[in-house]
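Let me begin by presenting the structure, written as structure tokens, before commenting on it.
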Number of protein chains: 2
Amino acid sequence: MLHFQTTPSRALLVTRFIQHSKRHNSFFPAEKLTKKDLNPRVLGAEYAVRGLIPNKAEELREKLRHNPDSLPFKEIINANIGNPQQLRQRPLTFYRSVLSILQNPKLLETYHDYPKDVVHRARVLLSKIGSLGAYSHSQGVQYIREQIAHFITKRDGGAISLPENIYLTGGASDGVKAVFEVILDGERTSGVMIPIPQYPLYTAAITLNNATPISYYLNEHDNWSTNPHEIEELVQTSNKFGIKPKILVVINPGNPTGSVLSKTAIEDILTIAAKRGLVIIADEVYQENIFEGKFHSFKSVLSDLQHKHAHLYDNVQLVSLHSTSKGVTGECGQRGGYMELVGFKPEIHEMFLKLASISLCSVVSGQALVEMMVNPPKKGDESYELDQKERTAIHETYKSKANALYEAFSKLENIEVQKPQGAMYLFPKIILSESIIAHAKDLGLKPDEFYCLELLGNTGICVVPGSGFGQVEGTFHVRTTFLPPGQEWIDKWAKFHKEFFLKFRGV
Amino acid sequence: MLHFQTTPSRALLVTRFIQHSKRHNSFFPAEKLTKKDLNPRVLGAEYAVRGLIPNKAEELREKLRHNPDSLPFKEIINANIGNPQQLRQRPLTFYRSVLSILQNPKLLETYHDYPKDVVHRARVLLSKIGSLGAYSHSQGVQYIREQIAHFITKRDGGAISLPENIYLTGGASDGVKAVFEVILDGERTSGVMIPIPQYPLYTAAITLNNATPISYYLNEHDNWSTNPHEIEELVQTSNKFGIKPKILVVINPGNPTGSVLSKTAIEDILTIAAKRGLVIIADEVYQENIFEGKFHSFKSVLSDLQHKHAHLYDNVQLVSLHSTSKGVTGECGQRGGYMELVGFKPEIHEMFLKLASISLCSVVSGQALVEMMVNPPKKGDESYELDQKERTAIHETYKSKANALYEAFSKLENIEVQKPQGAMYLFPKIILSESIIAHAKDLGLKPDEFYCLELLGNTGICVVPGSGFGQVEGTFHVRTTFLPPGQEWIDKWAKFHKEFFLKFRGV
């Protein structure tokens, strides 16, 4: 590369060089970026839900598209991701009717088949939002935040929620990323306590923020319960390693575990947070999907504790996440969600608002969907009956699908599974022999990856290896949604499972 | 706080401690988070478009709501942000008609007033997307990426664009954030070259990624043109300070400047990128808003250079951003956008895809809107005539509004303004006397902030001080959109401006 001295005529020389370059095409093109030039945080992040196995599934899907008879199955069954509408779950009629009017308000004048409450809701939302095409307040439309606050207050038996503590987000993931970005300081000394197994967004976001994950293990044989003693110990021990735990993540109902936490378990966690100054992220996106037991929100349990023990829990800082992607709403692609920030000082809110404002606002149609999720048709409304019917059907389907899968696994050998209580997943343990483990390693695969790849290659069923979520060393799991329709895929899996252990008995 | 020794019976002691705490409510609540515990990058980030002046405007709006006669004006006029539909711009009928069907496909059977091409487009999109409520491929729906690639190829006179290089994003801001997150490595030694004045998303995102901004100044008196010599010099000089420039940001048409770059200017920038290995971010979100001159995309100019000078420009790595928020589309709240990545190695794409997959996907209705933006009704389609009429009307309105504001400023003293060529903004220079500057400083304000606050307080017009965008030291500007309807606000501003200089002549 030509080189100039820094002299008074430098600008002139540079001009000449550029002119010269243009005339003679004489410059030396620089190297392109390679991985080593990139952000090591991004290089290090992992996200198994769309990792090795789902990518392999995409390849096979392409293969089937070009040659439908090339594989021992006709289609890929995506049980790797909680994406109900990809698997033929139909959206709720009320939501979509209102959204169609919000997109085209002219329907109010020209279309007369919508129920009165659909028309009324659309008019209210339009009057509060203006156009879906305008940026809203960065925190979300004020009216929608008020409706969310009402919903929370009612859900939690009167524990007051305030619209100024609500932030609309593009799904719950955006909420997690915002909390991490504000509270983690980019130093490895900042720790985030996560359950193992966990939803891999958390480990990915921890890596992207250069923080240290601190794993607390869920007790598989007690239906993936939490152990407060272990958490308390970890907090103390981490300090000795120079790590300061700042955030404690709880996923309830559990992903990937499908478990539901008891009130006592939540109290214990809140007590640790109060004592240790940990911010709690309560990932409560599956709160509508409960088959067994009862959902207790962290907010309601905290409120109870605050009433019982004056001042002792006033310091707790809680972020509760909810989303339109899961539950009976199941509108993943619409990217609606909210977070409630409880107990934070105003100066912390200021930072969340600033960060939100840099992103301008979350998608406004998603905000409207959140409003409908927290404020569905009520008894007496024209849409109520149909809406209830649709909700109940989805809920019943979830429950029966979850149980069908559970029953099937329960009958098999070399697999252990906990009874599903909520969410959309089962996380069965696959009991692999030493020889299968060694065989997988010979292939350069993790043992659970090997099982998942064999399952995919033989049946088209795509699930995610437990290693993407974390598991006790030496144990192997898979996460599967129970969403695919029908019994056939379950039977195929059961058949595969038996054959797998026969086939690899002797390796 | 109680303290335990690390002995074999530690677990037992911890258990006892928790039991004890519960019985006696005897723990010591920890301190809450304060600003000093937070991420210094978030603390340091600034975003003036929604900063001091807009926040003050919100306060005044509230005041007016409670007491409409409490201020010398009746309403706040938001000229601080390019948010057309907030200011009564009506969305294009074709877009919203199709979106209403995508939200409620039952309209296909029950509603018969839509033009044939609306119905057809909705059917095509539904067949390609499935449900708006399902997560799409993380990079965006394949079919939509193909349509975008067609659009780019056609726009750029045949320079091939490939769907695998297209990433759907939640508006252009998400694209910028992704590029910064992948390419910047969190070290202050990584530099990002930005124009001054710039759109403050860039400085905010630079701060959030802990990189160093390197300012290149646009030449105000040559209609905010770029100076390649200065850029070239800065690259060389920055190396001497231990800063490695990795990314060069160009905003064309310009925000906040309203200027449009010449083909030669773009060639010069691409030559620097080829020589120096800089990744170019071409922020081309205003490409539809051109009043004077011609829009040349960076992609088309790069392609020309690559044809003319075999291999010399093959190394150029370009990210081009587009969005549904601006142009005649103006659908800010729908959060649609895309970025095209040109010239990157596959290993870099891998990282972009991984990062996208952690966020699952951009909002699917926004993706559909992008498809319509790049593929509007064509001659012969039933919607064509109305669509053209609406587009032309918006375009003409923009042009006449821009000119009206320009004319008004041109007639005033103590203000200098460049003729608007594109985008949605004017960035006039306010010529403040030494005494006004001193007076502002006495009030603890930047001089341009003082002007903006006075403008807001007297007229309700909300604009952003130039200091939020960057300006030559000792000069003062404001950024204003020309979007507010009517002439009245312009006259009010002109009147205020004269009075301001009379009033503060003697301070």
Side-chain angles (χ1 to χ4, degrees), chain A residues 11 14-15 25 27 29-33 35 38-39 42 47 50 83 85-86 91 96-97 99-100 103-104 110-111 113 131-136 138 173 181-185 204 229 232-233 274-277 309 312 315 317 331-335 345 347-348 351 355 357-359 363-365, chain B residues 11 14-15 25 27 29-33 35 38-39 42 47 50 83 85-86 91 96-97 99-100 103-104 107 110-111 113 131-136 173 181-185 204 229 232-233 274-277 309 312 315 317 331-335 345 347-348 351 355 357-359 363-365:
Chain A
V14 171
T15 310
N25 304 331
F27 65 82
E31 292 295 317
K32 285 192 180 194
L33 290 180
K35 265 191 184 181
L38 302 186
N39 186 353
V42 173
Y47 188 67
R50 295 198 163 188
N83 193 5
Q85 293 187 19
Q86 181 196 36
R96 294 303 197 92
S97 303
L99 282 170
S100 72
Q103 285 290 6
N104 188 10
T110 58
Y111 183 68
D113 286 5
S131 168
L132 288 191
Y135 292 127
S136 73
S138 296
S173 304
E181 187 156 14
V182 169
I183 295 179
L184 300 175
D185 56 4
H229 309 161
E232 181 87 30
E233 270 198 57
K275 281 199 289 188
R276 304 299 182 175
H309 310 282
L312 263 190
N315 66 332
Q317 297 157 101
E331 296 271 17
C332 306
Q334 307 257 19
R335 316 308 282 126
K345 293 191 178 191
E347 65 195 71
I348 312 294
M351 294 303 115
L355 197 64
S357 77
I358 294 172
S359 293
V363 58
V364 180
S365 50
Chain B
V14 171
T15 309
N25 303 332
F27 65 82
E31 292 295 317
K32 286 193 182 195
L33 291 180
K35 265 191 182 180
L38 302 187
N39 185 352
V42 173
Y47 188 67
R50 295 199 163 188
N83 193 5
Q85 293 186 20
Q86 182 196 36
R96 294 303 198 91
S97 303
L99 282 170
S100 72
Q103 285 291 7
N104 188 10
L107 288 173
T110 57
Y111 183 68
D113 285 4
S131 169
L132 288 191
Y135 292 127
S136 73
S173 304
E181 186 156 16
V182 170
I183 295 179
L184 301 176
D185 56 4
H229 310 161
E232 180 87 32
E233 270 197 58
K275 282 197 290 188
R276 304 298 182 177
H309 310 282
L312 262 189
N315 66 331
Q317 297 157 101
E331 295 271 17
C332 306
Q334 306 258 17
R335 314 311 281 129
K345 293 190 178 193
E347 65 196 69
I348 311 296
M351 293 304 114
L355 197 64
S357 77
I358 295 170
S359 293
V363 58
V364 180
S365 50

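Numbered from 1 within each chain, the chains take letters A, B, ... in sequence-line order.
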Discussion item. Under the rule for side chain to side chain contact (heavy atoms under 4.5 Å, CB included), what residues qualify as partners of B:D185, not counting sequence neighbours?
Written reply: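 Result, side chain to side chain contact (heavy atoms under 4.5 Å, CB included) vs B:D185: A:P40, B:E187, B:S190, B:K246.
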
Compare every heavy atom of [Y] with every heavy atom of [X], then report the nearest pair and how far apart it is.
X: A:R96; Y: B:N104; result: O-CB, 3.6 Å
X: A:K32; Y: B:K345; result: CB-CE, 3.9 Å
X: B:L38; Y: A:I348; result: CD1-CD1, 3.7 Å
X: B:A204; Y: A:I358; result: CB-CD1, 3.7 Å
X: B:L312; Y: A:P29; result: O-CG, 3.5 Å

Discussion item. Which atoms of A:L132 are under 4.5 Å from chain B, going by heavy atoms: the side chain, the backbone, both sets, or neither?
Written reply: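 Contact with chain B: backbone and side chain both.
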
Worksheet entry | Contacting region of A:S97 [heavy-atom separation from chain B under 4.5 Å] | both

Worksheet, complete the sentence: Sorted by chain and residue number, the ring-ring contact (aromatic ring centres under 6.0 Å, His included) partners of A:Y47 (sequence neighbours excluded) come out as none

Best-contacting candidate, [options], against chain A by heavy atom pairs under 4.5 angstrom:
options: B:P91, B:S357, B:S136; value: B:S357
options: B:V182, B:I183, B:L184, B:D113; value: B:V182
options: B:N83, B:V364, B:L99, B:V42; value: B:N83

Worksheet item: Hey, which of A:C332, A:S365, A:A274, A:G277 has the most heavy atom pairs under 4.5 Å with chain B?
Response: A:C332

Fill in: Interface residue of largest heavy-atom contact number with chain B, from A:S100, A:S138, A:S173, under 4.5 Å
A:S100

Discussion item. Do A:Q334 and B:Q103 have side chains that approach each other closer than 4.5 Å (heavy atoms only, starting at C-beta)?
Written reply: yes

Worksheet entry | Close side-chain approach of B:T110 to A:Y111, heavy-atom, < 4.5 Å | yes

Between [X] (side chain) and [Y] (backbone), is there a donor-acceptor pair under 3.5 Å?
X: B:N315; Y: A:A30; value: yes
X: A:N39; Y: B:E181; value: yes
X: A:Q86; Y: B:A134; value: no

Worksheet item: So which part of B:S359 gets closer than 4.5 Å to some heavy atom of chain A, the side chain, the backbone, both or neither?
Response: both

Worksheet item: What distance separates B:E331 CD from A:S131 OG, expressed to the nearest 0.5 Å?
Response: 6.0 Å

